[in-house]
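Below is one structure, written out as structure tokens, with a few remarks after it.
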Amino acid sequence: MAFYIPPAHVHFFKTTTSDTLKHHHVLRLYTFSVNGTSYDQHVHQFQGISGIKYGHYHAYYGVTGPPIPLPNGNHIHLLYGTVDPNLYNTGRSGALAKSAKMEGYISEVHQHTFQGYSTIGFGYETE
């Protein structure tokens with residue numbers, strides 16, 4: 001008896017966080033690779049750091065929602081969450097200092113929310 005293993009794939013995601021303290025951040029990420037189809041309820045893990053604004057950034061991580069099938073057989077995923085507080089910002093090769101000098105510095109501890117949909121899957125291996 002042969003078993004079918006669906007192909008592994010990833011998704012891209014880009015969104016802007018909510019405005020907090022009169023600013024927002026851009027999030028860009030690729031999900032971790034998972035084997036799955038449009039109908040099997042698979043999910044993807046993701047993690048990253050936001051774009052730097054006002055001398056700080058935020059880490060984020062999470063798990064996508066299950067696949068949302070599209071009419072053409074592809075699928076997308078919903079991603080949403082809250083970024084971590086800006087507590088432990090460490091140097092990024094001078095990027096934090098440059099951002100603070102150009103935009104100002106926000107030291108107040110805060111968070112942002114985010115939500116959006118991924119692209120369709122890609123990176124499927126061919127046989």
Side-chain angles (χ1 to χ4, degrees):
M1 172 183 245
F3 291 98
Y4 172 71
I5 299 174
H9 64 283
V10 300
H11 297 267
F12 180 70
F13 176 73
K14 179 182 175 184
T15 194
T16 303
T17 66
S18 61
D19 282 337
T20 303
L21 300 177
K22 299 182 181 178
H23 76 287
H24 62 269
H25 297 266
V26 174
L27 306 183
R28 293 180 188 90
L29 66 97
Y30 291 95
T31 63
F32 288 98
S33 184
V34 171
N35 296 79
T37 71
S38 296
Y39 305 101
D40 65 2
Q41 299 301 301
H42 73 277
V43 295
H44 297 261
Q45 294 180 347
F46 61 89
Q47 69 181 27
I49 62 169
S50 71
I52 296 171
K53 280 289 200 178
Y54 295 97
H56 72 280
Y57 61 87
H58 299 268
Y60 59 88
Y61 55 92
V63 177
T64 68
I68 300 167
L70 300 175
N72 66 2
N74 290 320
H75 68 277
I76 59 175
H77 292 268
L78 175 65
L79 288 80
Y80 63 92
T82 303
V83 299
D84 286 349
N86 54 316
L87 292 172
Y88 304 107
N89 281 208
T90 57
R92 296 278 171 204
S93 301
L96 293 176
K98 182 177 179 182
S99 169
K101 184 176 181 180
M102 290 174 46
E103 302 166 328
Y105 179 64
I106 295 177
S107 61
E108 184 176 338
V109 175
H110 63 281
Q111 293 177 284
H112 304 264
T113 59
F114 63 92
Q115 179 174 320
Y117 293 94
S118 71
T119 63
I120 60 171
F122 62 95
Y124 294 97
E125 292 185 11
T126 58
E127 293 185 38

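Throughout, numbering of the chain's residues begins at 1 and tracks the sequence.
Grouping Ile, Leu, Val, Met, Phe, Trp and Tyr residues whose side-chain heavy atoms lie under 4.5 Å apart, directly or via other members, places I68 in a hydrophobic cluster with L70, I76, L78, Y80, Y117, I120. Here V34 sits alone; no ILVMFWY side chain lies under 4.5 Å from its own, so it joins no hydrophobic cluster. Other members of the hydrophobic cluster containing L87, listed by chain and number, are Y88, V109; membership follows side-chain contacts under 4.5 Å among ILVMFWY residues, whether direct or relayed.
Every residue was checked against the side chain to side chain donor-acceptor pair (under 3.5 Å) condition with T15, not counting sequence neighbours, and none meets it. The side chain to side chain donor-acceptor pair (under 3.5 Å) check on S18 picks up T113, with sequence neighbours excluded. F12 meets the ring-ring contact (aromatic ring centres under 6.0 Å, His included) test with Y30; sequence neighbours excluded. Judged as a side chain to side chain donor-acceptor pair (under 3.5 Å), and not counting sequence neighbours, T16 has no contacts. Taking the ring-ring contact (aromatic ring centres under 6.0 Å, His included) definition, one finds that Y54 meets it with H23, sequence neighbours left out. Qualifying side chain to side chain donor-acceptor pair (under 3.5 Å) partners for D40, counting only residues two or more places apart in sequence or in other chains: H42.
Residues Q111 and T20 are not in side-chain contact: their nearest non-hydrogen atoms beyond the backbone lie 4.5 Å or more apart.
Annotation: L21, atom CG; neighbour count of heavy atoms from other residues, nucleotides and ligands within 6.0 Å is above 12.
Although no hydrogens or angles enter the test, the distance criterion places no donor-acceptor pair under 3.5 Å between the side chain of N89 and the main chain of L96. Formation of a donor-acceptor pair under 3.5 Å by the S99 side chain with backbone atoms of G55 is found in this model.
In terms of heavy atoms, S38 sits closest to G73 at OG-O, 2.7 Å. Scanning both residues, H75 and P67, for their nearest heavy atoms gives CD2-CB, 3.5 Å.
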Candidate pair F114 and T82, rule side-chain contact (heavy atoms from CB on, under 4.5 Å), full reasoning: CA-CA 6 Å; F114 63 92; T82 303; 5.8 Å; no

Verdict with reasoning, H11 to F122, per side-chain contact (heavy atoms from CB on, under 4.5 Å): CA-CA 6 Å; H11 297 267; F122 62 95; 5.5 Å; no

Worked check of side-chain contact (heavy atoms from CB on, under 4.5 Å) between F13 and T119: CA-CA 6 Å; F13 176 73; T119 63; over 6 Å; no

Pair T31-S118, side-chain contact (heavy atoms from CB on, under 4.5 Å): steps then yes or no: CA-CA 9 Å; T31 63; S118 71; 5.6 Å; no

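The cluster map of Ile, Leu, Val, Met, Phe, Trp and Tyr, joined by side-chain heavy atoms under 4.5 Å apart, puts F32 and V10 in different clusters. A continuous path of Ile, Leu, Val, Met, Phe, Trp and Tyr side chains, each step under 4.5 Å between heavy atoms, connects V83 with F46, placing both in one hydrophobic cluster.
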Side-chain donor-acceptor pairs under 3.5 Å in residues 58-66, sequence neighbours left out?
{"residue": "H58", "atom": "ND1", "partner": "D84", "partner atom": "O", "Å": "2.8"}
{"residue": "H58", "atom": "NE2", "partner": "H25", "partner atom": "NE2", "Å": "3.4"}
{"residue": "H58", "atom": "NE2", "partner": "H56", "partner atom": "NE2", "Å": "3.4"}
{"residue": "H58", "atom": "NE2", "partner": "H110", "partner atom": "NE2", "Å": "3.3"}
{"residue": "H58", "atom": "NE2", "partner": "H112", "partner atom": "NE2", "Å": "3.4"}
{"residue": "Y60", "atom": "OH", "partner": "R28", "partner atom": "O", "Å": "3.4"}
{"residue": "T64", "atom": "OG1", "partner": "H44", "partner atom": "N", "Å": "3.0"}
{"residue": "T64", "atom": "OG1", "partner": "H77", "partner atom": "ND1", "Å": "3.4"}

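For residues 57-70, there are no salt bridge (charged side-chain N to carboxylate O under 4.0 Å, His left out) pairs, not counting sequence neighbours. Applying the salt bridge (charged side-chain N to carboxylate O under 4.0 Å, His left out) test to every pair with at least one member in residues 50-68, sequence neighbours left out, gives these pairs: K53-E103.
To the nearest 0.5 Å, atom CG of residue L29 and atom CG of residue L79 are 6.0 Å apart.
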